[in-house]
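Take a look at the structure set out below.
Read the numbers this way: they start at 1 and go in the same order the structure lists the ligands and their atoms.
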Amino acid sequence: MTITQKLNLLLEEEGAGPLEKADGRAVFRALLRLTGAMLAERPQLSGEKKLYYISAEFLIGKLLSNNLINLGIREEVAEALEAAGHSLSEIEELEAEPALGNGGLGRLAACYLDSAATLELPCDGVGLCYHYGLFRQKFEELKQREYPDVWRDRPGWLTKTGVRFPVSFPGLTLEAVLYELPVSGYGGGLNRLRLFDAATADGSIVGEGIDFDKTDIARNLTLFLYPDDSDEAGRLLRVYQQYFMVSAAAQLILKELKDAGHPPASLPAHAVIQINDTHPSLIIPELIRLLMAEGMAIGDAIEAVSRTCAYTNHTILAEALEKWPVDYLEKAVPQLMPIIRELDARAQAAAPELAEKIAIIDGNDLVHMARMDIHYGFSVNGVAALHTKILKETELSEFYALYPEKFNNKTNGITFRRWLMQANPRLSDFVTSLIGEGWKRDGNFEKLAEFAEDRAVLERLLAVKAENKRELAAYLAEKEGVEIDPDSVFDIQIKRMHQYKRQQMNALWVIWKYLEIKAGRLPKRPVTVLFGAKAAPAYTLAKDTIHLILCLQELINGDSAVSPWLKVVMVENYNVTWAEKLIPACDISEQISLASKEASGTGNMKFMLNGAVTLGTLDGANVEISELVGEENIFLFGKKSGEVIDLYATEGYRSADFYDGDPEIERLVDFVISKQLIRIGDPENLARVYKDFVCKDWFMTLLDLREYIEVKERMLASYEDRLHWAKMALINIAHAGFFSSDRAVAQYNEEIWRLKPDRSGR
Ligand SMILES: *Cc1c(COP(=O)(O)O)cnc(C)c1O
């Protein structure tokens, strides 16, 4: 049967057919059933040992195209729809993006699930089935407002299973209900994303925006990802959430061990648990508790769990290394405290001279999650070469001295199926026409470098980019009502809003460029600066920065003398779907974090793969990008990580010195509270941004601002040598192969997980 015949049959069954007559929603449902049935025929990957990738987030994005590609039927489906007067991209708009993640670490988890299934490694993702995710972002009066991100009541792949586990808190036992999403590999087999929901969770308790009663645990537990932790009730809720996730996960893992006929003590032989950042860390004491309940002695239980768990560190920002007061844990999970105390006592006894630095429970009665992971996991990995080096030498040096054999690096990766084949079919086809399709499996683009001097190839590469830019411009015009010039330079910064990522530095550049244009110094070519970012609801300065950018957008786009030369567009509700639209159209990839602060970044890799040129600091994986492409194919600026670390150690940075000492910097910072902006925006919010620049600037924006402006000017000038620019873009693509998540997952497997690919089903 052809795809058209199959779809017709499915549509007839629903009384919605035939394909030419059916409306988009019916076609989407038919595609859902078609792919669902094809996926169900795939062998579930299994083996002697299985990986449980446990994470508070899985930023998986929409699944229709991904599944069609992985099933090898995307083209056929696109053609069948086309022939019947539909378009696949319009049908895709009907799918809700699952609200299960927030940023880089959640997207990483999603890429790793895709790669594990592609490499035929038995691996399930385990997490929570949030009703409303982080939040849906709306801009109202030039400010971010948060609303529930409703996604589960739309048709999709999520299914409810009959599996349930009890999870007990003092005076309250909740039921964890298991939901599943299929995870398809490219070709290959099938794994699952397994998500727990609280049976009693109840969205009707959400009032204004995303407000709800934080103490009503039974009803609020799985509504939102990272609920506001600015008060004690919110912090306690996070502990409840974390325990709910890990207790259900631990019960699932032990049940599968038992169902396979293995004794509890054999856990390390049959399971490996990758703890993605510290949110799931309580799985260590919880598993020990459950193994003891099965009759194991505490020492044996600790030993078994330590040989099963591995930890990935994602950040060196002190505020993100979770520490919970003993009080909270006594309140929410008292059954774990005796175990945590025992783990702490054993860790301290092993290195009494370091006790203060390595204690799980410190002198202020704070429980350090990462420390528990390091003492009682068998592997600790950073996510880029520089990040792992900083962990070893600075942040975790005492632990590295204690356990050198545990530390290893696994530079992050991205799946090329989603981030090239799906997001950028034009470039994908063009690359294939030059080097064949081997890259879809082996991630090798090196052969592209042979075309670096080939004028016809470079011109076609520019044409592909130009087409993508026109497509994005048309989409923005249609969906957002903003007009942008497809011939302008597309300069894009999309990532979570955080001071260390320094969107505020880009905003100061926008101010600089605005003032240049006002003074009659026009750029050679117009520039369109695109932003996308959500700010955590309680992160005041991040929300203020969004306000600043939206005010600049209002000011600049509304000024007819400036807007032909400069535009600012901040897209609303940045998510994977937006990333897939923006990245293929990008010229300049903004990766400007304060050196030493961005663990890796993965956005930088997606842009490189799509032929954008990086403007960045030597931070995270930018370091590896610059080594791969060579310094002539990347635009670097700013202080190096070593200098920054020294500045923090010596308290040697004072932003006021830069503000007072450089009239140009003073002029740009002052503009934040200028009459023009105050007229548009909220003086209170703008004043806070201004004050932070002058008095604090913890992430040292002003330190690198001058050089940023200089290098960006140089970059814009070099854009005018179109063939040279195309060559840089081509070299970037040619060396992007290292950042395939297939490479990363293969390394995790060889060096940490040691699973055998499963070929049983064939
Ligand atoms: C890749 C990705 C990120 C991570 O971006 P960074 O620039 O590495 O911080 C965040 N959000 C979404 C939607 C992404 O696709």
Any side-chain donor near an acceptor of the partner, Asn424 and Asn468, under 3.5 Å:
yes
Sorted by chain and number, the residues that approach ligand 1 to under 4.0 Å with a heavy atom
Leu59, Gly103, Gly104, Arg107, Trp419, Ile494, Lys495, Lys501, Tyr574, Asn575, Val576, Ala579, Gly601, Thr602, Gly603, Lys606
How about Ile592 and Glu598: do any of their side-chain heavy atoms sit closer than 4.5 Å?
no
Measuring from atom OG1 of Thr617 to atom CD of Gln591, what distance do you get when rounded to the nearest 0.5 angstrom?
8.5 Å
Mind checking what makes side chain to side chain contact (heavy atoms under 4.5 Å, CB included) contact with Asp228, not counting sequence neighbours?
Lys214, Ser230, Ala538
Passing option when Cys111 is tested against Val745, Thr415, Ile60, Asp742 for side chain to side chain contact (heavy atoms under 4.5 Å, CB included):
Thr415
Considering all heavy atoms, the nearest Arg417-Ser115 contact:
NH2-OG, 3.9 Å
